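Worth saying up front: this structure is predicted, and the values here are computed from it rather than measured. Numbered from 1 within each chain, the chains take letters A, B, ... in sequence-line order.
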2 protein chains.
Amino acid sequence: MGLRERKKQKTRLALIDAALDLFLARGYEATTIDQIAASVDVSPRTFFRYFASKEDVALALQADALDIFVAELSARPDAESPFTAMSQAMRAALATVGHNDEADHERFAKTCELRDRHPALVAGQARLMMAHEQRLLAEITRRRGADDLRSHFVLALFAAVARTCFEQCGPGEIRDVAALARRLDETLVVAGQSLRPGWDE
Amino acid sequence: MGLRERKKQKTRLALIDAALDLFLARGYEATTIDQIAASVDVSPRTFFRYFASKEDVALALQADALDIFVAELSARPDAESPFTAMSQAMRAALATVGHNDEADHERFAKTCELRDRHPALVAGQARLMMAHEQRLLAEITRRRGADDLRSHFVLALFAAVARTCFEQCGPGEIRDVAALARRLDETLVVAGQSLRPGWDE
DNA sequence: TAATTTATGTCAGCCTCTGCCAGATGACAA
DNA sequence: TTGTCATCTGGCAGAGGCTGACATAAATTA
C-alpha cells in the first residue's frame, strides 16, 4: 500500500474521530462541517470527498461493520438456512469489530453513544441497512430456492432482530462490543422461542 | 369550522397535490420548494409553515394514515394480543383510507408510486414509523403486562412486516389501497405460519 | 528528472431551512 | 358596523449542507 493510500486512510480516520468528538461534545446538529474540517486542518470541500454527508461520517463505522456482516454472510455454508446464516454472520461481524485495535473499538462505542443521544441517526442506521437490502434478499432467495413473499418476511424479521439489538439499549447500558454481542444472543433466544422450526426454509 | 381553518386545509391539500405532481413529473430531487410554492401562489416561507421539510410534504398522507392507525390501535379491545391488535388496527386504517373521497385516494396512490421511484423516501417512511414508536411500545407493554426485550421484539417485527407490505410492491403492481390491503393479508398469513401461537404474549 | 495521475484548496453558487418583523386577513365583541 | 385582537402571510437576511469547475500541489511511474 503506497503512501498516498496510507494518507487517505489517516485523513479518513482523523475526520471520523474529530466528528465523533465534536458531536458528543457540542451535539450533532450544533456541529458544522466547517468545524470538523478545521479541527483536522482540511478544507470543507475535502470533507465531502471522503463522506457524502454529515450523517455519513457519524455512521461510518456502522457502515464498515455492515460491510463485514455482508462479507461474512456469503462465507457461511450453503447448508445453513437463511436466518441461521445471517445470525451467525452477525455474530462473526461483531467478533471482528471487537477484536480490532483499541482505537477502532473506542470509535464504535462512541458511535453507539451518539446514536442513542440523537434519534435522527437511528433513521440513518435504518437507511444503511436498506442499502444492502437487495443483496441480502438475493442471498435469502438463493438459500431458500424460492423468490416469494416469505423471503421478504425472513429479511424483515432479521432486520427486526438487528434493530432490537442495536438501538434502545438502556440508559448508558451498552457501551462495548461484547455487551452488544450478548444482547444479540438474548434477542436470538427470544426469536427462537417465537418462531416455528423450519420457518425460514 | 371557520373560514380560516377551511382555508388552511385547502392550502395544505393544494401544496400536497402540487408537490406530488411535480415530484412525479420532474423527479423528487429536481423539484425545489420554490417551484412547489409558486405553483400554489404561496411564498416559500409559507410552505415551511405547513411542512417541516421537503420530505414531509411527500409523505404527508402516509403520516395521516399512520395517525389513523395509532388511533385505531387504542380502540382495539384489551383482550387482543399486541400483534393481533396492531394487525387489526392496520387493516382498519387501510380501510379508512380506502373509503375516503376519491381525491384522497388518488393522493395516496401517487405517494406510493413516488416512494417506489425514489428510495430516499423509504428511509423517510421508516422515520415516520419511528416517530410513533414510543407510543406503540407503551401499548405493547400494556397489553403484555411486561416491559422486557420481547416487547421490543414484537414492535420491531410488526414494523418490519409493515415495511414488507408497503414497499417493494412489484413494478407498478400495487397502486390502490385495496391491493395494499390484500398484500397485508398475505403477509400476515406468512407471519402466522412462521410464528408460534402466543409468541407475543 | 519528466510526465502522468490523483488529491487538495479555492471559489462561486444552489437549495433547504430558520428567525425576525411588518402588513394583511379572519375572529369576535361592543 | 366598527374596533380590537389573534393569527396567517410575505419578504428579507442569513446559516448551513452540498456540488461543480478549475488551478495547484503532491505522489506515482517511467
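- Checking the phosphate oxygens (OP1, OP2) of C/dA7, no side-chain nitrogen or oxygen of A/Tyr50 falls inside 4.0 Å.
- Rounded to whole Å, atom P of D/dC18 lies 10 Å from atom CD1 of A/Ile36.
- Between the P atom of D/dT7 and the CZ atom of B/Arg6 lies a distance of 19 Å, rounded to the nearest Å.
- Closest approach of B/Ile16 to B/Phe51, counting heavy atoms only: CG1-CZ, 3.6 Å.
- You'll find the side chain of A/Val97 stays beyond 4.5 Å of the side chain of A/Asp104, heavy atoms only.
- Ion pairing between A/Glu133 and B/Arg163 holds under the 4.0 Å rule for side-chain N and carboxylate O.
- When the P atom of D/dG17 is taken as reference, atom CG of A/Leu15 falls 14 Å away, rounded to whole Å.
- Note on the helix from C/dT1-D/dA30 to C/dA30-D/dT1: angle between the axes of the first and last five pairs equals 20°, rounded to 10 degrees.
- For C/dG9, one of the phosphate oxygens OP1 or OP2 lies less than 4.0 angstrom from a side-chain nitrogen or oxygen of A/Ser43.
- A/Arg6 and A/Gln9 are not linked by any side-chain donor-acceptor pair at a separation below 3.5 angstrom, with hydrogens and angles left out of the test.
- A side-chain donor from one of A/Arg150 and B/Ser194 sits under 3.5 Å from a side-chain acceptor of the other.
- To the nearest 0.5 Å, the span separating CZ on B/Arg127 from CG on B/Asp56 amounts to 9.0 Å.
- Residue B/Thr46 places none of its side-chain N or O atoms closer than 4.0 Å to OP1 or OP2 of D/dT9.
- The aromatic rings of A/Tyr28 and A/His118 sit tilted relative to each other, their planes meeting at an angle between 30° and 60°.
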### Task
Using a 4.0 Å heavy-atom cut-off, write out nucleotides 15-27 of chain C from 5' to 3' as B (base contacted by protein), S (sugar-phosphate only) or - (no contact).
SSBBBB----BBS
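- Residues B/Gln62 and B/Gln125 bring a donor and an acceptor atom of their side chains to less than 3.5 Å of each other.
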